[in-house]
Protein chains: 2
Amino acid sequence: MLSPILALESLLDTAGELPVNVKVLFEGEEEIGSPHLGPVVEQNRERLACEFALSADGFQGGEDQPALLVGWKGMCALQVDVEGFQADLHSGVYGGTVQNPIHALARLLDSMRSAEGEILVEGFYEDVVDLTPGERSEIAAVPFDEGAYKEQLGVGELFGEPGYTTRERAWVRPTLEINGIWGGFQEEGVKTVIPKEAHAKITCRLVADQIPEKILRNLSSHIRRNTPPGVEVEVHPEEATAPPYVVPSDHPGNRAAHAVLEEIYGRPPHYTRAGGTLPVCGIFLDLLDVYTVTFAFGLDDENQHAPDEFFRLASFERGQNAYRMLLARLAQQEGLSA
Amino acid sequence: MLSPILALESLLDTAGELPVNVKVLFEGEEEIGSPHLGPVVEQNRERLACEFALSADGFQGGEDQPALLVGWKGMCALQVDVEGFQADLHSGVYGGTVQNPIHALARLLDSMRSAEGEILVEGFYEDVVDLTPGERSEIAAVPFDEGAYKEQLGVGELFGEPGYTTRERAWVRPTLEINGIWGGFQEEGVKTVIPKEAHAKITCRLVADQIPEKILRNLSSHIRRNTPPGVEVEVHPEEATAPPYVVPSDHPGNRAAHAVLEEIYGRPPHYTRAGGTLPVCGIFLDLLDVYTVTFAFGLDDENQHAPDEFFRLASFERGQNAYRMLLARLAQQEGLSA
């Protein structure tokens, strides 16, 4: 976020003006799914009108690996509530005679995914646009060290949908992850209850052309069809939905960004995707009818979201310089008005 | 607990002596599995030596349904810890590429029980003594209102091991119940993490001739064999173990109790069992070589363990009277020294 602002300041300080018109929008709610951004953009359509948007939220592939990010995943989220009884039951008196809400929830969650990692929710993959051989080659061309990845995470083996590489799973295949689960006794020792209820939170990351609302309906149907006997299950969709987002790699903004990255790094950037979700991209496309081009200088080893998250000092300078170059190039490029 | 003490007091007040010798032992840790009772009994073997023990912890079948309880289930307990990563992961960045500890735990728990309710842990039923047709008839003869049972629990349908009645499931079939589960995000809203770990607590209620330590070993083996790829699983057995307990229905103490109940209620008692666990019975049998006869006047609708647990005032009087009659009968009965 700092790099483009510093670039604007330094351009104004030295040249006294910017090579193109620039409007700046700050948003501070991205981490909670941008719940208020849509209405704000809608109310300010005219003030925000533009050729395209630039976002500083993204990654390069490494200090010597330029990358141009052309896709973010969408998202939908829900909570599953399994209700058994009016109160916790004594597991000695009632054990074996009633459905255990935790066991029912475990069965329900297990029904959503095969042992191998394929999502079994009916219709989940229905709208997914198949990868072309060209796209698969593009992704395969991006350097990836699986050993380093496992070491970074501290896992002995990776796991995911059969038939796809780790990069493809992370970037272009939809996922279903359980984010939390709870029910019954969670403290030290033993409490012999059959808990009256159990709960889980689930988020799906979606890819083109999946529709968040449709996936939520598919999930609800799957849960209804697979609810074990003896419990009631309620599904509560969460507000945090976003459509998947893909920007054409030959978009004028991407063409300019490509040229600047090649000039800085001395080699052309790879086209990459991200498994994360950036609601602003979908909101701008929907309400302002403009694409968002990602031009960002974070690296993926910077412990995003962790207490020790960091950003390289060198990346500040590189990013600031890159934004100055990009604005200058955009002023010269055809198809974009200054 | 009060009934026998009041009976002793009233006998001493009126007759000045008791018809048989009585030793009284109070224990206050039954609800946490009697962890200290064994050593205390062991250190006081001689002082506690007796013909048999009487316990006031149990049930009658109803206000007009006498019952003689001849079996308690045993117990073993464990915690399952599924470990994935060093820290929670971003579900957008890493989703779909690593095993999710909650999904792994759900799969593991689901592997322990069939959709129909049979326990699938290898060897779980191996040492279970088959019910004789006579025992099944005895249990079937005990009045049971399934509609009232469902209404009391607030469930639409019951659930349990195929091939057995609800009473048999509760009284004489071993059970495996999940008492608690937790992992990841449990608060309101959405947090897009793949949690680093997930946990569950399990207790099994055991019947003759299952051995708690062997069942714990079977569970550990099952968990080892069924651990999904990409996570580590640790099993922590809990201290709360107790062997199943059965007292012969023709034990001299039961014969005396049978006669007293028949006299009070005007009909012979049914022989019943309980799904709960009373460690003292196993401890006395093991260390003092004596059986414990249950002579108790609770009823099973008294909301045991709940905040509104109650005991009928009439049962105080009935129990006190019954204990006076029982002690008098024991003094006359052959095979028991006064």
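Fair warning: this is a prediction, and the values are worked out from it, not measured in the lab. The chains referred to below are lettered A, B, ... by the order of the sequence lines, with proteins before strands, and numbering in each begins at 1.
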Closest non-hydrogen atom pair, B:Q60 against B:A296: NE2-O, 2.9 Å
What part of A:L89 gets within 4.5 angstrom of chain B, counting heavy atoms only: side chain, backbone, both, or neither? side chain
Ranked by heavy-atom pairs below 4.5 Å to chain A, first place among B:G183, B:G275, B:P228, B:S111 goes to B:G183
Electrostatic pair A:E161-A:R169, nearest N-O below 4.0 angstrom: no
Top contributor to chain B interface from A:E187, A:R167, A:K73, A:E239 [non-hydrogen pairs under 4.5 Å]: A:E187
Is B:Y149 close to chain A through its backbone or its side chain, or both, or neither, when contacts mean heavy atoms under 4.5 Å? side chain
For chain B, the option from A:G276, A:G189, A:G154, A:A77 that forms the most heavy-atom pairs under 4.5 Å: A:G189
Heavy-atom pair of closest approach, residues A:T294 and A:W72: OG1-NE1, 3.7 Å
A:E146, part contacting chain B, at a heavy-atom distance under 4.5 Å: neither
Assess whether a salt bridge exists between A:D110 and B:R107, defined as any Lys/Arg side-chain N lying under 4.0 Å from an Asp/Glu carboxylate O. yes
Quick check for you: among B:G156, B:G117, B:S91, which has the greatest number of heavy-atom pairs under 4.5 Å with chain A? B:S91
Can you tell which of B:L158, B:T203, B:L109, B:V98 has the highest number of heavy-atom pairs within less than 4.5 Å of chain A? B:V98
Looking only at heavy atoms and a cut-off of under 4.5 Å, which of A:A106, A:G184, A:G160, A:G84 has the most pairs with chain B? A:A106
Interface residue of largest heavy-atom contact number with chain A, from B:G96, B:P101, B:A87, under 4.5 Å: B:G96
I'd like to know if the side chain of A:Y125 and the backbone of A:I119 have a donor-acceptor N/O pair within less than 3.5 Å. yes
Over all atoms of both residues, closest heavy-atom pair of B:F85 and B:P195: CE1-O, 3.6 Å
Distance-minimising heavy-atom pair for B:L219 and B:L78: CD1-CD2, 3.7 Å
Is B:E116 in contact with chain A via its backbone, its side chain, both, or neither, using a 4.5 Å heavy-atom distance? neither
Heavy-atom pair count under 4.5 Å with chain A, highest-scoring of B:T97, B:L176, B:T175: B:T97
What part of B:A198 lies closer than 4.5 angstrom to a heavy atom of chain A: side chain, backbone, both or neither? neither
Portion of B:A170 that has a non-hydrogen atom of chain A nearer than 4.5 angstrom: both
So, for A:A67 and A:G61, which heavy atoms are closest and what is the spacing to 0.1 Å? CB-N, 3.6 Å
Most contacts with chain B, counted as non-hydrogen pairs under 4.5 angstrom, among A:T166, A:V231, A:L153: A:L153
At a 4.5 Å cut-off on heavy atoms, which part of A:A115 comes close to chain B: side chain, backbone, both, or neither? both
Considering only heavy atoms and a distance below 4.5 Å, find which of B:K201, B:Q86, B:H236 pairs most often with chain A. B:K201
Residue pair A:H90 / A:T192, side-chain donor-acceptor N/O under 3.5 Å: no
With a 4.0 Å cut-off on N to O distance, would you call A:K150 and A:E157 a salt bridge? no
Between B:T241 and B:P212, which heavy-atom pair has the shortest distance, and what is it? CB-CB, 4.0 Å
Contact winner vs chain B - A:I181, A:T277, A:L105, A:V190, heavy-atom pairs under 4.5 Å: A:I181
Please identify, among A:M112, A:Q186, A:E168, A:E238, the residue contributing the most non-hydrogen atom pairs under 4.5 Å to chain B. A:Q186
Is B:I178 in contact with chain A via its backbone, its side chain, both, or neither, using a 4.5 Å heavy-atom distance? both
Under 4.0 Å between a Lys/Arg side-chain N and an Asp/Glu carboxylate O for B:R205 and B:E177? no
